[in-house]
Structure formats: structure tokens, C-alpha cells
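Since the structure comes first, as C-alpha cells, the remarks are kept for the end.
Each chain gets a letter, A, B and so on, in the order its sequence line appears, and its residues count up from 1.
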There are 2 protein chains.
Amino acid sequence: MPLAILLIERGGSPYKGMWALPGGFVGPDEDLDACAKRELHEETAVDAPFLLHFANFSAPDRDPRERVISVAYLALLRSDLVVPNAGSDAAAVRWFGTDELPPLAFDHARIIEAAVGSLRARLDDGEMIFRLLPERFTLSELQAAYEAVAGKRTDKRNFRNKMSGLRLVRETGEMTRGPHRPARIFVRA
Amino acid sequence: MPLAILLIERGGSPYKGMWALPGGFVGPDEDLDACAKRELHEETAVDAPFLLHFANFSAPDRDPRERVISVAYLALLRSDLVVPNAGSDAAAVRWFGTDELPPLAFDHARIIEAAVGSLRARLDDGEMIFRLLPERFTLSELQAAYEAVAGKRTDKRNFRNKMSGLRLVRETGEMTRGPHRPARIFVRA
DNA sequence: ACAAAAGTGTTCTAGGTACACCCATGA
DNA sequence: TCATGGGTGTACCTAGAACACTTTTGT
């Protein structure tokens with residue numbers, strides 16, 4: 001499953017009918033993290049437990065209506081499990097594979113580029129990747145998540161060696177069942 | 001020469017008479033980078049050719065007067081050469097060693113902590129460190145700059161080996177003169 | 001001659017990469 | 001027995017860290 005981006009179809013002008021990142025204005029009694037979480041929920045009905053700030057976008061004319069500074073956040077979620085619902089201001093919401101992105105409103109294409117770069121740079125921190133996995137997972141599932149985000153394949157043995165060095169996961173002692181050899185089940189360390 | 005921070009003494013309330021980071025409000029026709037550069041110049045008469053954004057600070061009550069979101073930037077300059085002059089709103093301006101910081105207004109102590117961390121994390125990018133050096137420099141000068149920022153000593157041979165790997169500098173063929181063995185003069189690659 | 005700073009190599013360890021085959025299960 | 005995915009080890013290379021002495025100049 002490739003990396004995908006959650007976009008909303010704009011219901012109003014400017015850029016009416018084009019796709020854009022969810023977002024909105026910060027309230028007087030919330031910090032930026034809370035704002036990002038709230039706006040995402042209001043516009044897509046998606047809850048992202050962990051959001052990461054990665055850049056600001058502040059060119060004076062990036063919104064034709066008025067001066068807007070965007071504080072950009074990213075989250076990692078399982079697009080196969082998270083079903084978005086269009087909320088306020090959004091005509092529609094859906095996931096787009098990174099290779100099938102539509103034309104985007106404002107400077108949002110640039111924002112997505114920056115987001116993917118930041119995400120890949122932080123993959124080994126071990127904070128984000130587990131958002132793509134159930135609580136209990138196999139090493140093959142973990143590797144698939146890594147590869148989806150990194151956008152490239154990795155050797156299985158090298159991946160497992162690296163993981164045992166990073167100490168991000170802990171074995172449960174339990175095994176999967178299925179029409180093939182059982183796999184060890186791990187949890188986050 | 002240890003790492004130092006440029007602070008202004010606040011001329012008005014709140015926190016009148018306390019020390020704080022320079023800063024101000026973004027104008028309608030400038031982006032955040034330009035704002036940071038302008039505010040620094042207005043308040044301290046210092047020109048920083050390269051500013052790096054490292055974090056936002058947005059707790060709703062961090063300024064007792066009104067809601068203020070701070071977009072924090074850092075620059076690296078030679079505190080021995082850059083002489084600040086108090087400008088608008090500032091009663092005084094001066095450099096403080098990181099080990100002799102006064103009590104700070106607002107949440108600026110936290111901002112400085114974050115800044116030093118970000119700076120150290122990016123030292124090897126090769127973007128910042130040359131701000132501390134003249135155009136032509138010796139490897140010993142470069143190493144001294146590294147050590148000042150990193151806050152710790154480094155082995156000379158290891159430092160030089162690392163540098164020749166990073167390819168950040170180029171030899172000029174010229175040498176220094178002085179009451180000791182001449183040193184090769186380098187420039188940025 | 002001496003004071004001051006420049007310059008130089010080797011060994012060890014850890015982490016990254018390339019690479020191919022056998023194993024356990026359910027159907 | 002076959003299809004499916006799980007699981008394993010070695011050799012090589014590179015980067016980082018520890019470590020001490022000789023060289024060149026001006027005074």
C-alpha cells in the first residue's frame with residue numbers, strides 16, 4: 001500500500017472545486033497543535049493522535065484573498081482504516097496516492113513535498129511509524145509500513161538487524177496463524 | 001570563546017527591565033524570514049545574513065497582554081565583531097554567555113534551549129558554521145568555531161579527517177604567518 | 001633554544017549494505 | 001505436495017573515536 005495524502009475538495013472560492021489540504025484558523029484559546037488537531041477533525045472527521053509540525057509557509061500573496069500564514073503539520077494514519085467524512089467547508093474528502101495527486105489549491109503542492117521529505121527524515125525516530133500499525137504486529141508488517149513511507153524496498157535481513165539495534169519493538173512470545181509459517185508478534189517497546 | 005546569546009532589555013511592560021529575545025510583529029507584505037531579519041535589525045542594528053527557523057511557540061497565555069504566536073529563528077554571528085545598538089523598544093542590548101544568562105521575559109528561556117539544540121543538530125550541514133568565520137580561515141579556527149557551538153572539545157586529528165570527508169572547505173594554497181608554524185588557509189567549498 | 005601552534009596515522013568498534021537459502025504452516 | 005510468507009548469517013565497507021609525537025616558524 002503506497003503513501004497517500006488526505007485532501008478535501010474546496011466548497012467555496014477561491015479555488016472552488018480544487019483539492020487542498022485541510023486547515024483553518026487558530027482560535028484565541030488554543031495552541032497551534034490543538035488547532036491542527038481540531039481543524040482536521042472538523043473538516044474530515046479524522047482523529048490524528050499525533051501531529052508533527054514541520055514548516056511554516058508565509059509568502060504574503062499565497063492566499064489571494066488576504067494574508068494567511070500556514071503552520072504545517074503532518075500525521076501518519078492507516079488510509080485503509082481511516083474513513084474520512086466531509087465536514088465544514090469541504091465538498092468532499094478522500095485519500096490520494098502520492099502518484100495520483102490532483103492539481104492543488106494555493107501552494108499546497110509545495111507543502112506536500114516538504115511534508116514527505118520531513119516524514120522520511122524522521123522515520124527512524126520511531127515516533128511516527130507505529131501509527132501505521134495495529135498494537136500488535138509482525139516484523140513483515142513493520143517493514144511494509146517503513147517501505148510505504150520511505151518509498152523504496154529494503155532487504156529483509158538488513159531491516160531486521162537494524163530493528164534489533166534500534167530496540168523500538170519488543171517480542172510478545174505469541175505467534176500469528178495462517179496458511180503459512182507463523183510469525184512472531186511484536187509490540188512497541 | 002563560548003556561545004553567547006544576543007538579548008535586549010525591555011523598555012516597556014510587561015517584564016519591563018528584564019531581558020528578552022529580539023522580535024516583533026510580521027508586516028502585511030513580508031514573509032516570516034524577512035520579518036525576522038527586519039526586527040533583528042530594528043531592535044539591535046545587527047544584520048544576520050542567514051536566519052534559520054527552528055520552532056513555533058503558541059501557548060495561548062505566553063504573553064499576558066494578548067495572544068501572540070512566536071515563530072522562532074536563530075542566526076550565528078561572531079559576537080566579538082558584531083556590536084549591537086539598542087533600537088526601538090529596547091533599553092539596552094548585549095551578548096550574554098550561555099552560562100551567564102539573566103532571568104528572561106516570557107517563555108524565552110525555553111526558546112533559547114530549543115534554539116541551542118536545533119543549532120547543534122544542524123552543525124554538520126555546513127550552512128551555519130561559516131558564519132562564525134572570516135572568508136579565509138585555518139582549520140584550527142574552524143575547529144574552534146565548531147567547539148564553541150557544540151559546547152565540547154574535539155580531537156584535532158578526528159576533526160580534520162571528518163572535514164576532509166565532508167568536503168565543506170577548499171584549500172587556497174596560501175599560508176598564514178606568525179610566531180609559530182604557518183597554517184594552510186581554507187575557504188568554503 | 002624556546003614558545004606556540006600546525007600537522008599527521010593507526011587501531012578499534014559500530015552500523016550499513018549486499019547477498020540466497022531453508023522453514024513451518026494450512027489447504 | 002505445494003503455495004505462502006517467516007526466518008536466518010556472513011563478508012565487506014565506511015564512519016567515528018581513542019590515542020602522542022614531530023614540524024615549522026618568529027623571537
Side-chain angles (χ1 to χ4, degrees), chain A residues 1-2 78 80 120-126 129-130 132-189, chain B residues 1 80 120-126 129-130 132-189:
Chain A
M1 180 116 43
R78 302 178 62 182
D80 57 337
R120 287 180 178 157
R122 288 165 202 264
L123 247 193
D124 285 352
D125 296 2
I129 193 65
F130 297 104
L132 292 182
L133 296 169
E135 201 178 336
R136 297 150 47 82
F137 50 84
T138 67
L139 290 181
S140 293
E141 288 166 342
L142 178 58
Q143 184 174 356
Y146 256 84
E147 291 177 347
V149 176
K152 62 184 177 196
R153 291 292 182 80
T154 312
D155 178 81
K156 200 196 327 187
R157 284 162 293 186
N158 292 341
F159 180 80
R160 287 153 113 99
N161 288 341
K162 180 174 171 175
M163 276 303 123
S164 70
L166 290 182
R167 305 200 165 282
L168 297 178
V169 299
R170 200 178 66 238
E171 218 176 316
T172 59
E174 289 168 273
M175 308 288 284
T176 58
R177 299 237 233 133
H180 52 73
R181 179 169 174 177
R184 300 178 212 262
I185 296 176
F186 290 78
V187 294
R188 221 185 139 169
Chain B
M1 180 115 43
D80 57 336
R120 288 181 177 157
R122 288 166 201 264
L123 248 193
D124 286 351
D125 296 4
I129 193 65
F130 298 105
L132 292 182
L133 296 169
E135 200 177 338
R136 296 149 46 83
F137 49 85
T138 67
L139 290 180
S140 293
E141 288 166 341
L142 178 57
Q143 183 174 356
Y146 256 84
E147 290 176 347
V149 177
K152 62 183 178 195
R153 291 293 182 80
T154 312
D155 177 81
K156 198 191 337 184
R157 285 162 293 185
N158 291 342
F159 181 79
R160 287 155 113 98
N161 289 341
K162 180 173 170 176
M163 276 304 123
S164 69
L166 291 181
R167 305 200 163 283
L168 297 178
V169 299
R170 197 178 69 238
E171 217 176 315
T172 60
E174 288 168 273
M175 308 289 284
T176 59
R177 300 237 231 130
H180 51 73
R181 177 168 175 177
R184 299 176 213 261
I185 296 176
F186 290 78
V187 293
R188 222 184 137 171

*Go along nucleotides 18-27 of chain D 5' to 3' and tag each nucleotide: B for a protein heavy atom under 4.0 Å from its base, S when only backbone or sugar atoms are that close, - otherwise.*
BBB--BBBS-
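- One atom, CZ of B/F137, and another, C1' of C/dA5, lie 18 Å apart when rounded to the nearest Å.
- Between A/M163 atom CE and D/dT8 atom P the separation is 15 Å, expressed in whole Å.
- B/F186 pairs by the ring-ring contact (aromatic ring centres under 6.0 Å, His included) definition with nothing, not counting sequence neighbours.
- Taking every heavy atom of both residues into account, A/L168 and A/D124 meet most closely at CD1-O, 4.4 Å.
- Separation of atoms CZ (B/F159) and CG (B/L139) is listed at 7.0 Å; rounding is to 0.5 Å.
- Counting any heavy atom pair closer than 4.0 Å across all strands shown, B/R160 reaches a base atom.
- Between A/F159 atom CZ and D/dG9 atom P the separation is 18 Å, expressed in whole Å.
- Atom pair A/R167:CZ and C/dA14:P shows a separation of 13 Å (rounding to whole Å applied).
- Look at CG on B/D124: it is 12 Å from C1' on D/dA15, rounded to the nearest Å.
- Closest non-hydrogen pair, B/Y146 versus B/L123, comes out as OH-O, 3.6 Å.
- Remark: nothing in residues 138-151 of chain A comes within less than 4.0 Å of DNA chain C through any heavy atom.
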